[in-house]
Amino acid sequence: MKRFILSIALSSLICSPLAFAGDKIDAEKLASYRSAIKELGGALKSELMAAKKAGGAIQVLTVCNTKAAPISVAVSEKVGLTIKRTSLKPRNAKNVPDDWEKAVLEQFEQRKTQGEASKTLEFHEVIEKDGQRQLRYMKAIRTAAPCLTCHGSEIDQKIQDKLNELYPEDKATGYEAGDLRGAFSITEILP
Ligand code: HEC
C-alpha cells in the first residue's frame with residue numbers, strides 16, 4: 001500500500017492566505033469566513049490523523065465516508081454558517097455543486113488556466129435564491145501529491161475496491177498534483 005503524508009497535504013489545504021476577487025466584503029466577515037474554513041479543515045484533519053494512526057488509508061477512507069458530512073454540519077452549526085465542500089467531479093453525490101457553485105468552480109478553473117495561483121482562487125457574491133438573499137463565498141481546494149492515494153490515476157486495488165463499494169458513482173479520480181480538487185463553500189443567509 002502506498003504511504004501518504006496527509007498532514008502536509010492538509011496543512012496546505014488549511015494554511016493558505018486569503019484574497020478576494022469581485023466586490024468588497026467587510027473585514028470582520030472575511031475573518032469569520034477564514035476561521036470557519038480553518039475550523040472545518042482542522043476538525044477534518046484531526047479525525048483523519050487519528051484514523052491514519054489507527055489503520056492507514058482504508059481507515060482514513062472510512063472516516064472520510066462516515067465523518068466528513070457530520071463534521072461539516074457540526075462546524076456549520078457552531079459558527080452559524082453553512083459550510084461544505086464541493087467539486088466539479090464529486091465523489092459523494094451529496095457534494096454535487098448547485099448552479100452558483102458550479103459556475104464559480106468553472107471560473108476558478110479558468111482563472112487557474114490564465115495563470116492565477118490556486119491559493120488566491122476565491123470568489124463571493126450576494127445572490128437571490130429560494131426567496132432569500134444569500135452571501136455566498138468559495139475558496140478553492142488544491143490537489144496535493146498525498147491526495148492522489150485516493151483521488152489520483154493509479155489507485156491501490158484495495159482502496160479502489162472500497163471506493164467502488166462506497167461510491168459507485170465516484171467521479172473524483174484521475175487528478176494530478178496541482179489540479180483543483182474542489183472548493184469550500186459558505187452560505188450565509190442575509191436579513
Ligand atoms: C484515504 C483516502 C482519501 C485521501 C488521501 C483524500 N481523500 Fe478526499 N475524499 C475521500 C473520500 C472517501 C471522500 C468522500 C467523503 C464523503 O463521503 O463526504 C472525499 C471527498 C473529498 C472532497 C469533497 C468533494 C467530493 O469529491 O465529494 C474534497 C474537496 C476532497 N476529498 C479533497 C481532498 C484533498 C484536497 C485531499 C488531499 C489533501 C484528499 N481529499 C485526500 C477520500 C480521500
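Remember, it's 1-based here, ligands and their atoms both numbered in the order they're listed.
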Can I get a per-line list of side-chain donor-acceptor pairs under 3.5 Å for residues 71-79, giving both atom names and the distance, sequence neighbours left out?
unit_1, atom_1, unit_2, atom_2, d
S72, OG, A68, O, 2.9
S76, OG, S72, O, 2.7
S76, OG, L81, O, 3.4
S76, OG, I83, N, 3.0
S76, OG, I83, O, 3.3
K78, NZ, E39, OE2, 2.6

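Among R85, K52, Q59, the residue whose heavy atom sits closest to atom 20 (C) of ligand 1 is R85.
At least one heavy atom of R142 sits less than 4.0 Å from an atom of ligand 1. Ligand 1 is approached by P90 to a heavy-atom distance shorter than 4.0 Å. For T143, the heavy-atom gap to ligand 1 stays at 4.0 angstrom or more.
The shortest N/O to N/O separation between N92 and ligand 1 falls below 3.5 Å. In terms of N/O distances under 3.5 Å, ligand 1 is approached by R181. Considering backbone and side-chain atoms alike, S87 places every N or O at 3.5 Å or more from each N or O of ligand 1. Residue T149 has no N or O atom closer than 3.5 Å to an N or O atom of ligand 1.
Taking a cut-off of under 4.0 Å to the non-hydrogen atoms of I141, the atoms of ligand 1 that pass are 29 (C), 35 (C). For ligand 1 and Y167, the ligand atoms under 4.0 Å from any heavy atom of the residue are 12 (C), 14 (C), 15 (C), 16 (C), 17 (O). In summary, the atoms of ligand 1 found under 4.0 Å from a heavy atom of A57, numbered by their order in the structure, are 1 (C).
The N, O or S atom of H151 with the smallest distance to atom 8 (Fe) of ligand 1 is NE2.
Aromatic ring orientation, Y137 versus Y33: tilted (interplanar angle from 30° to 60°).
In this model, a donor atom of one side chain and an acceptor atom of the other lie less than 3.5 Å apart for D161 and Q157. In this model, a donor atom of one side chain and an acceptor atom of the other lie less than 3.5 Å apart for S185 and E101.
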Determine, stepwise, if the pair E109 / L180 fulfils side-chain contact (heavy atoms from CB on, under 4.5 Å). CA-CA 7 Å; E109 291 290 352; L180 298 181; 3.7 Å; yes
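Surrounding CG of N164 are more than 12 heavy atoms belonging to other residues, nucleotides or ligands, all under 6.0 Å away.
Look at E165 and K162 and you find a salt bridge, because one of the NZ, NE, NH1 or NH2 atoms lies within 4.0 Å of a carboxylate O, short of that distance.
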